[in-house]
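Worksheet: the structure to be examined is printed underneath.
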Amino acid sequence: MNTHVVQLVDVASDVSAPERELEVLAVMSASPKKGTPNKKEYTKVNGTTHFEDDQLIDLDTPITSGNQSVLPFLEGSGESYQNSDGGTRKLNTVSPESKESSILPDIGFAGIGKNLPKTREHQPLLGHARIESVNRFIDDPHFSTLVLEAEEAIDQGIYPERIYQGSSGSYFVKNTSHKTIAVFKPKDEEPYGSLNPKWTKWLHRLCCPCFFGRNCLVPNQGYLSEAGAYIVDQKLRLGVVPKTRVVKLISETFHYSRIIREKAHAKQAIYDKFPAIGRRFNRLTLPPKVGSFQLFVEGYKDAEYWIRKFETEPLSDSVKEEFQQQFERLVVLDYIIRNTDRGNDNWLIQYVKAETEKTSENDYREVKPAVIRIAAIDNGLAFPFKHPDSWRTYPFYWAWLPYAKIPFSQATRDAILPFISDMNCVQDLCDELYRLFKTDKGFDGILFERQMSVLRGQILNLNQALKQGKTPEELVQLPQMVVERSKIQLGNDGFRSYGDSFTQRFQYKGPFFKWF
């Protein structure tokens, strides 16, 4: 039996040889063949292979010994080596038994040299580490780039700024140019969150628990509700919800408990003084916060401002028609997700007047048409698991506007009816929402199915209203509907699952106060 001893030395071009020296000892056994040398020693340096007789052979050319062909060394072993032409390939060793068949040799590795530098894999997370697995969206590179800009800004000390309005902790996120690019709402700073920074809400919850929160909503799911509203918006092609996804961020300006902050400072101090011990820590920074990341919209103002403005400065017929269609899309979104917090101060309007130029003394020509858009923000208090039936009814405040007294336009009916009339499309929407809500650690499958029952009931009412040509005001007056998926029994163990048949029922119980 012949023994081939192979020693490989990998020298990188950008670092010195002692730092990158990698010795691999491979012992290959093969049956002796006529014309095969008893022992060969090969050394690979800088992409070439040298035999002991100083014969120079290119790695891309098969090595021939007698009547046998020997493939390049260590192919697929996981190490890459540079060829003489500058290319890179992986190497392996095959010792053929004959021309017709071959076997892979047994290869023993001597290990990695001690001079090899430690990689990032063996170091603790330092500074503001990237949350690669959560904050990278393969299907949306532009959104991933924006999140990366926010992370880089935080690394440079440009921290998110807390928004002092609202009942939960939310933050304006900026990029390295100090430009606001998004609004971040952490899960644990929601009204029922353990780290809610608004002490007035804490006092409200402590003194008046009956009037705090919404008992029809699942606690601490506001960030999922924000992202879920965007999914509904995209499925129905409404185009009124700014892009919203779930991400993780770390920032000194987020609200952390004192214990968590002191723990992070202690770990950093230990790492600075005793690096060998500090490397054993999983993380040196503050823990990341999961929350909704909604892109910031520029040039928008509260709907309350523009609605009052339009009373004194009426819109032109074409702009008014466009605004009516935008308004109807907002109605469709809010009604489907059953938004319990839609006032006229948390949906936005952008209005840019038309540009005109004077052509004669009393004549003007429109150079640039007017632009009017609606942005539906603050969707965190939606997707209830039952219709409000306790203290308050949480009405849609847009239902009292004059625009709600106009029947749904034909354009809206043509755009929405094909989707909500197809139960397969509705089920696809429920499945996508399931994939989103399931990512939460406190996910409850039974509660989620109840949430979807309310959503399906809202879609059924909307379908009826659009077909009958009703107005948004008449839509919200329809009886509250719930469409439940029937349960089926699988086997004799009593285990129940959900089938493909549905049962609709009305919810007659209403809240105590029906006017707010």
Side-chain angles (χ1 to χ4, degrees), residues 123-135 146-176 178 180-206 212-213 218-227 244-273 277-294 296 378 380 439-443:
Q123 296 178 0
L125 296 177
L126 306 177
H128 297 285
R130 301 284 184 264
I131 316 297
E132 298 287 346
S133 60
V134 177
N135 296 345
L146 289 176
V147 179
L148 180 61
E149 290 178 4
E151 292 175 334
E152 291 176 349
I154 294 174
D155 289 345
Q156 297 178 18
I158 307 173
Y159 298 118
E161 295 181 0
R162 184 183 298 170
I163 304 173
Y164 289 94
Q165 295 87 358
S167 59
S168 61
S170 53
Y171 301 83
F172 286 128
V173 181
K174 301 182 178 182
N175 61 9
T176 53
H178 296 266
T180 302
I181 59 174
V183 174
F184 181 68
K185 297 183 179 181
K187 172 187 176 180
D188 58 7
E189 297 188 29
E190 293 180 9
Y192 279 106
S194 59
L195 295 175
N196 185 292
K198 306 296 178 65
W199 68 270
T200 54
K201 290 299 175 182
W202 173 83
L203 188 63
H204 184 189
R205 181 174 60 180
L206 183 66
F212 181 81
V218 181
N220 299 332
Q221 277 195 358
Y223 76 108
L224 294 176
S225 179
E226 295 276 2
T244 311
R245 308 289 284 265
V246 175
V247 304
K248 285 185 178 180
L249 291 179
I250 305 173
S251 174
E252 292 284 346
T253 53
F254 293 160
H255 189 245
Y256 291 96
S257 66
R258 185 172 180 179
I259 294 177
I260 293 177
R261 290 187 181 274
E262 293 300 328
K263 196 186 298 184
H265 293 160
K267 287 181 179 180
Q268 186 64 50
I270 293 174
Y271 180 81
D272 294 339
K273 197 169 183 67
I277 300 178
R279 289 194 194 97
R280 297 178 179 272
F281 293 133
N282 247 354
R283 179 184 61 247
L284 298 181
T285 63
L286 293 166
K289 291 199 174 213
V290 61
S292 62
F293 190 92
Q294 185 176 87
F296 184 75
D378 287 346
T439 59
D440 187 74
K441 291 184 178 179
F443 175 76

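Between the side chain of Asn135 and the main chain of Lys248, a donor-acceptor pair closer than 3.5 Å is present. Listed for the Asp188 side chain is no donor-acceptor partner under 3.5 Å among the backbone atoms of Ser194. Glu226 contributes a side-chain N or O that, together with a main-chain N or O of Gly380, makes up a donor-acceptor pair within less than 3.5 Å. Checking side-chain atoms of Tyr271 against main-chain N and O of Phe281 turns up no donor-acceptor pair under 3.5 Å. Counting only distance, with no hydrogens or angles, the side chain of Glu190 and the backbone of Tyr223 share a donor-acceptor pair below 3.5 Å.
Remark: Lys267 pairs with no residue by the side chain to side chain donor-acceptor pair (under 3.5 Å) rule, at least two apart or across chains. Legend: residues meeting salt bridge (charged side-chain N to carboxylate O under 4.0 Å, His left out) with Arg162, ordered by chain and number and at least two apart, are absent. Remark: Ser257 pairs with no residue by the side chain to side chain donor-acceptor pair (under 3.5 Å) rule, at least two apart or across chains.
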task = Evaluate the salt bridge (charged side-chain N to carboxylate O under 4.0 Å, His left out) criterion for residues Lys174 and Glu149: first the C-alpha distance (whole Å), next the side-chain angles of each, then the deciding distance (0.1 Å), finally the verdict.
result = CA-CA 8 Å; Lys174 301 182 178 182; Glu149 290 178 4; over 6 Å; no
request  = Assess whether side-chain hydrogen bond (donor to acceptor under 3.5 Å, both in side chains) is satisfied between Gln294 and Thr244, documenting all intermediate values.
outcome  = CA-CA 4 Å; Gln294 185 176 87; Thr244 311; 3.1 Å; yes
ask   = When you look at Val147 and Phe293, which way does the side-chain contact (heavy atoms from CB on, under 4.5 Å) test go after all the steps?
value = CA-CA 8 Å; Val147 179; Phe293 190 92; 4.0 Å; yes
query = What's the verdict on side-chain hydrogen bond (donor to acceptor under 3.5 Å, both in side chains) for Asp440 and Gln221, showing C-alpha distance, side-chain angles and the deciding distance?
reply = CA-CA 8 Å; Asp440 187 74; Gln221 277 195 358; 4.5 Å; no
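The shortest non-hydrogen separation linking Pro160 to Thr253 is O-OG1, 2.8 Å. Heavy-atom minimum distance, Phe254 versus Leu249: CE1-O, 3.7 Å.
Using a 4.5 Å cut-off on side-chain heavy atoms (C-beta onward), Thr439 and Leu224 make contact. Considering only heavy atoms from C-beta on, Ser168 stays 4.5 Å or farther from Glu189 through its side chain.
With values rounded to the nearest 0.5 angstrom, Lys441 atom NZ is found 7.5 Å from Lys187 atom NZ. With rounding to the nearest 0.5 Å, the separation of CD1 in Ile158 from OG in Ser251 is 11.5 Å. Taking CG of Asn196 as the start and CG of Asn220 as the end, the distance is 9.5 Å to the nearest 0.5 Å. Considering CD1 of Ile250 and CG of Leu286, their distance stands at 7.5 Å, rounded to 0.5 Å. Here the NE2 atom belonging to His255 is positioned 10.0 Å from the CD1 atom belonging to Ile260, to the nearest 0.5 angstrom. Between the NE2 atom of His265 and the CG atom of Leu284 there is a distance of 11.5 Å, given to the nearest 0.5 Å.
Test Leu146, Ile181, Thr180 against Phe296 for side-chain contact (heavy atoms from CB on, under 4.5 Å) and you get one pass: Thr180.
Both tests do not hold together for Lys289 against Phe184: distance to the six-membered ring centre under 6.0 Å, angle to the ring axis within 45°.
The aromatic ring centres of Tyr159 and Tyr171 sit 6.0 Å or more apart.
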